[in-house]
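Have a look at the structure below before the remarks.
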Amino acid sequence: MRTSRFPLQTLKETPSDAEIASHQLMLRAGLIRKLATGLYTWLPLGLKVLKKVESIVRQEMDRAGALELLMPAVQPAELWQESGRWEEYGPELLRIRDRHNRDFCFGPTHEEIITDLARNELQSYKQLPINFYQIQTKFRDEIRPRFGVMRSREFLMKDAYSFHISQASLQQTYDRMYQAYTRIFERCGLAFRAVQADSGAIGGNRSHEFHVLADSGEDAIAFSSNSDYAANVEAAEAAAPATERPSPGEEMRMQETPDAKTIQELVEQFDLPIERTVKTLIVAASEAVDAELIALLVRGDHELNETKAEKLPQVASPLRFANDEEIREAIGAGAGSLGPVNLPLPCIADRSVAAIADFSVGANIDHQHWLGVNWERDLPLPDVADIRCVVEGDPSPDGEGVLSIARGIEVGHIFQLGKKYSEAMNATVLDESGRAVAMTMGCYGIGISRVVAAAIEQNHDDRGIIWPTAIAPFQVALLPMKMAKSQRVREAVEMLYRQLNDAGIEVLLDDRDVRPGFMFADMELIGIPHRLVIGERALDQGKVEYRARTESENSMIGIDDIVQMLRERLNIT
RNA sequence: CCGGGCGUGGCGCAGUCUGGUAGCGCACUACAAUGGGGUUGUAGGGGUCGAGUGUUCGAAUCACUCCGUCCGGACCA
């Protein structure tokens, strides 16, 4: 390709509405343009990258035995009503009406459609297991789209759905998908990690997420120092404290705390150890509890894990924090002075809270706290559960080593769905004994457009993108110096261009009449991994200059050795 | 949706406080010089100042309403 026929829409200055590196660079390098919030056009250069990722995903899915199909993006409401998700999914589901006033939605995911297909097409256990996938545009009406294509409303996704007669068969396919995902992200040249995950709104039991490691990631991931344990912080278990609760050492006493509304203020003003303070959070209770609200207790130095809290049978799902009026009406004090002593609400304490003595809590009277409080002496121990987020240094839940925390971008997620959809939608096959049984299902997603952004997030410098070779839009930039003036340069460049193309190498020849610095800056911005510079000086010695995007020094290569050298570097045989 | 910021040629911004001819840099067009790290000069084209209403002799500028957009919270590939 020649730049004269493949315009590079690069920007020298960073658009002001882009915050993170990948978003800025995608705009500056001319990969994408914004149409509206969360909606992006992929320009030719960006689309080349997207297609590369798509192609790797397709190859590995095929290799893993999945079968490609293509389902409609627009889906009838009836199927979503059947699964119950027309109500459950919420405003993120973009609902639309046709001219006959019938309800449809633009698909955010395709469990309902594939389950409908499966119940019509699959009759016998002999047809199982089977795994269908598609690569298609999804739409989610996100509350807060952000970071360009990282969290956009319309995005390209690979979604796969497998059907099984047994849990054992599902486990086999699940493991195969796990391996396929590992290969995909390795081939894309990404540093990533598979982690245990919460299955969220899609439903089901076992689940792993694949995270690209990057400081700008929206998720926190916990790793063990000594084992291969890794989990999303949402799902990471906070192990029960290993030590027994100490015996009471202090008397319980009331303290005036006029200026302490937060734990931080309380700790500073009264010189208390933060790990012996308790935060009392009031949330809506579920119908299983004989109260509107319920209190959750976590240590002052810990954060509530909302995912864990929401799963407790006593807590309403989705989780909702009580507002100030509700708290005042139920307890008679403001949010800064709450505690479990004489609390007129049911209560659940985190494991770590149950293991401390001589702690400080709000007194349920404005500007008053209790100090030196002890379980079973001053108040009964409430229900205990794991409701906090793990923190750096916590013991690993598998008992080996301690946890550290890193940031990640979720690019893939695999689930064992079980029979959630097949039972709701009556998707059955006949088993060996001729009995109709609901199929066991798995589903597997990759955010293809997000992979592109994540790759940039992980591979860039102050000059621009540094594409991993496998997903680069072009492998080689061919830059002639003073081509307009030099017949020799022109001839040498055209010859090399032909040879490289013939060798199956994707080369971008910069034939614009611009100065060298301009070419260098553009090629570095758009991240072409290999660069050849053809100038009179080197040609005198029969050589051209070569430089990888990751290197800072040129090397001189004989003009006849170039093609072979690049074939080796690019692994083309 | 809640909180905060911002809307002025394609992009980055000044001008708004204190109302009075709409400006700068990049990009773009033409010509010339230059030619190994975003070169230089000359000459050009392009803007209902987010929208509406109001105040005023006069509004980018003041007031009100709405819209868009970005960041943090909530959700997810």
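Chain identifiers are assigned alphabetically (A, B, ...) following the order of the sequence lines, protein sequences preceding nucleic acid strands; residue numbering begins at 1 within each chain. Please read these numbers as outputs of a predicted model, since none were measured by experiment. What you see below is based on every heavy atom in this structure, not just the backbone, and it leaves out hydrogens, waters and symmetry mates.
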Is [X] touching bases, backbone alone, or none of the nucleic acid, heavy atoms closer than 4.0 Å?
{"X": "T307(A)", "value": "nothing"}
{"X": "R153(A)", "value": "nothing"}
{"X": "G412(A)", "value": "sugar-phosphate"}
{"X": "I143(A)", "value": "base"}
{"X": "D513(A)", "value": "base"}
{"X": "F147(A)", "value": "sugar-phosphate"}
{"X": "E524(A)", "value": "base"}
{"X": "M523(A)", "value": "nothing"}
{"X": "D219(A)", "value": "base"}
{"X": "A484(A)", "value": "nothing"}

Inset, instruction - Could you let me know what rC6(B) is paired to, Watson-Crick or G-U wobble, both distances under 3.5 Å, or none if it's on its own? - result: rG68(B)
Inset, instruction - Identify, between R144(A) and E234(A), the residue whose nearest nucleotide on RNA chain B lies closer to the 5' end. - result: R144(A)
Inset, instruction - Using heavy atoms to find the nearest nucleotide of RNA chain B for K485(A) and I448(A) separately, return the residue whose nucleotide is more 5′. - result: K485(A)
Inset, instruction - Would you please classify the geometry between the Y444(A) ring and the Y174(A) ring as parallel, tilted or perpendicular, with 30° and 60° separating the classes? - result: tilted
Inset, instruction - Hey, can you tell me if F210(A) and F185(A) have their rings parallel, tilted or perpendicular (30° and 60° cut-offs)? - result: tilted
